[in-house]
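All ligand and atom numbering here is 1-based and tracks the order in the structure.
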Amino acid sequence: MSTENQEASTVAVTIENGVAWVALNRPEKRNCMNPALNRQMMRVLDELEYSEDVAVLVLTGEGTSWSAGMDLKEYFRENEAKGLGATRRAQSEAYGWWRRLRWYHKPTVAMINGWCFGGAYGPLFGCDLAFAAEEATFGLSEINWGILPGGGASKVVADLLPLRKAMYHAMMGENIDGKTAAEWGLVNEAVPLSELKARVQAVCDVLKGKNPVALKATKDAIRRVKEMTYDNAEDYLVRAQEAANSFDNDGRKEGIKQFIDDKTYKPGLGAYDKSQQK
Ligand code: ACO
């Protein structure tokens, strides 16, 4: 069997009504990320990104875990034994798919069903929205085994949490549950595990109803402007909207027409009917 075929089982994909449910699939290892999984995830993201069958991508985990972070044996110890080149290669494979997620063409939703540790904060942050089970467990456990939160994890908590909470979370090695993760702003919302899939499905249904060009422009804008001055952001947003218009001027005009002329919907209360767009 080729290496690619062996690696394929590390990620499970189901596409249903425009939603790609992508699951880290090493439940017996709590979905910790080994090089095989990292390579396969990049292949899967590549394949789904421009597929017409997919409007929204959900990232979840098989079994009791979302992801127990990096594989301490296969990602860290075995690569370190091979030398710096192997370590750097493994880093670029992991960081590569998380970066790909941050700028993904489709909207992305993290569905955190269980354990979420360390390196898993990379893909957590890569997803545009995040919904957790109340019963899920989040932790920066790096300090518990003697490293700093690398692979972007320090940046993720510094960006998403107030400084005191980020410091406490990173330095104390104490876990928080899904409810606390939502209160802190690490995820959008926490619901009981039994309701998690239905809640994420409802979010996906709303996203599917929006103009896809506007969604991609919006998600990129929110990430980009965070690091800009107000004036730079104003300028970027003018140009980003003009670029979006060149891909989809008709959608925007249809949205205005259905409100102003047809009076069939109100933009303050929902999305225009895309199916009417010529
Ligand atoms: N790396 C390598 N193997 C792992 C990892 C990991 N991150 N997480 C779990 N496993 C393996 C275990 O070694 C075990 O393997 P085995 O069956 O061959 O003995 C198997 O997965 C099941 O793990 P258990 O510990 O038995 O599962 P349990 O449900 O009792 O505990 C928990 C789950 C709490 C997630 C525990 O496995 C754990 O603490 N994992 C490590 C979490 C962590 O700190 N990750 C690193 C973060 S730092 C970073 O990512 C840079």
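Figure legend: Arg30 and Phe117 shown without cation-pi pairing, the cationic atom not lying both under 6.0 angstrom from the six-membered ring centre and within 45 degrees of its axis. For the pair Lys197 and Trp21, the cation-pi test (distance below 6.0 Å, angle within 45°) is passed.
Considering only heavy atoms from C-beta on, Cys127 stays 4.5 Å or farther from Val109 through its side chain.
Of the protein's heavy atoms, none falls inside 4.0 Å of atom 36 (C) of ligand 1. Within a 4.0 Å radius of atom 51 (C) of ligand 1, the protein contributes at least one heavy atom. Protein heavy atoms are absent from the 4.0 Å sphere centred on atom 19 (O) of ligand 1. Checking atom 27 (O) of ligand 1 against the protein gives a heavy-atom contact under 4.0 Å. For atom 12 (C) of ligand 1, the protein comes within 4.0 Å by no heavy atom at all.
When each atom of ligand 1 is checked for a heavy atom of Asp71 under 4.0 Å away, the hits are 1 (N), 2 (C). Near Gly69, the atoms of ligand 1 lying under 4.0 angstrom from a non-hydrogen atom of the residue are 50 (O). Shown in contact with Phe76 at under 4.0 Å from a heavy atom are these atoms of ligand 1, numbered in order with element: 51 (C).
A distance-only check finds a donor-acceptor pair linking the side chain of Tyr104 to the backbone of Glu49 [under 3.5 Å]. With hydrogens and angles disregarded, a donor-acceptor distance shorter than 3.5 Å links the side chain of Asn25 to the backbone of Ser9. Checked by atom type and distance alone, the side chain of Asp128 pairs as donor or acceptor with a backbone atom of Thr108 at under 3.5 Å. Between the side chain of Gln258 and the main chain of Asp273, a donor-acceptor pair closer than 3.5 Å is present. Side chain of Glu135 to main chain of Leu193: a donor-acceptor pair is present (N/O by atom type, distance under 3.5 Å, no hydrogens or angles).
Below 3.5 Å of separation, one finds no N or O of Trp145 facing any N or O of ligand 1. At a 3.5 angstrom cut-off on N or O pairs, Met70 counts as close to ligand 1.
With a 4.0 Å heavy-atom cut-off, ligand 1 is reached by the backbone of Ala68 and by its side chain too. Residue-level proximity to ligand 1 for Tyr75 is absent, since no heavy atom of it falls below 4.0 angstrom. When heavy-atom distances to ligand 1 are checked against a 4.0 Å cut-off, Glu28 comes that close only through its backbone atoms N, CA, C and O.
Closest to atom 1 (N) of ligand 1, if we only count protein heavy atoms, is Leu72 N, 2.9 Å. The nearest protein atom to atom 23 (O) of ligand 1, hydrogens excluded, is given as Arg30 CG, 4.0 Å; this is a heavy-atom distance. The shortest contact between atom 38 (C) of ligand 1 and any protein heavy atom is with Phe117 CE1, 5.0 Å. From the protein, the heavy atom lying nearest to atom 32 (C) of ligand 1 is Trp115 CE2, 4.2 Å. Taking atom 49 (C) of ligand 1 as the reference point, the nearest protein heavy-atom neighbour is Gly119 N, 3.4 Å. Among protein heavy atoms, the minimum distance from atom 4 (C) of ligand 1 is reached at Cys32 SG, 3.8 Å. The protein non-hydrogen atom at the shortest distance from atom 47 (C) of ligand 1 is Ser141 OG, 3.2 Å.
When every heavy atom of Asp177 is checked against every heavy atom of Glu134, the shortest pair comes out as CB-O, 3.6 Å.
For Phe138 and Trp66, the ring centers sit 6.0 Å or farther from each other.
Asp248 has no carboxylate O lying under 4.0 Å from a charged side-chain N of Arg252, or vice versa, which leaves the two without a salt bridge. In summary, Arg43 and Glu7 engage in a salt bridge, as defined by a charged side-chain N under 4.0 Å from a carboxylate O. The residues Arg77 and Asp71 are annotated as not salt-bridged, no charged nitrogen and carboxylate oxygen being separated by less than 4.0 angstrom.
One option in Glu142, Met33, Lys29 has a heavy atom closer to atom 21 (O) of ligand 1 than any other, and that option is Lys29.
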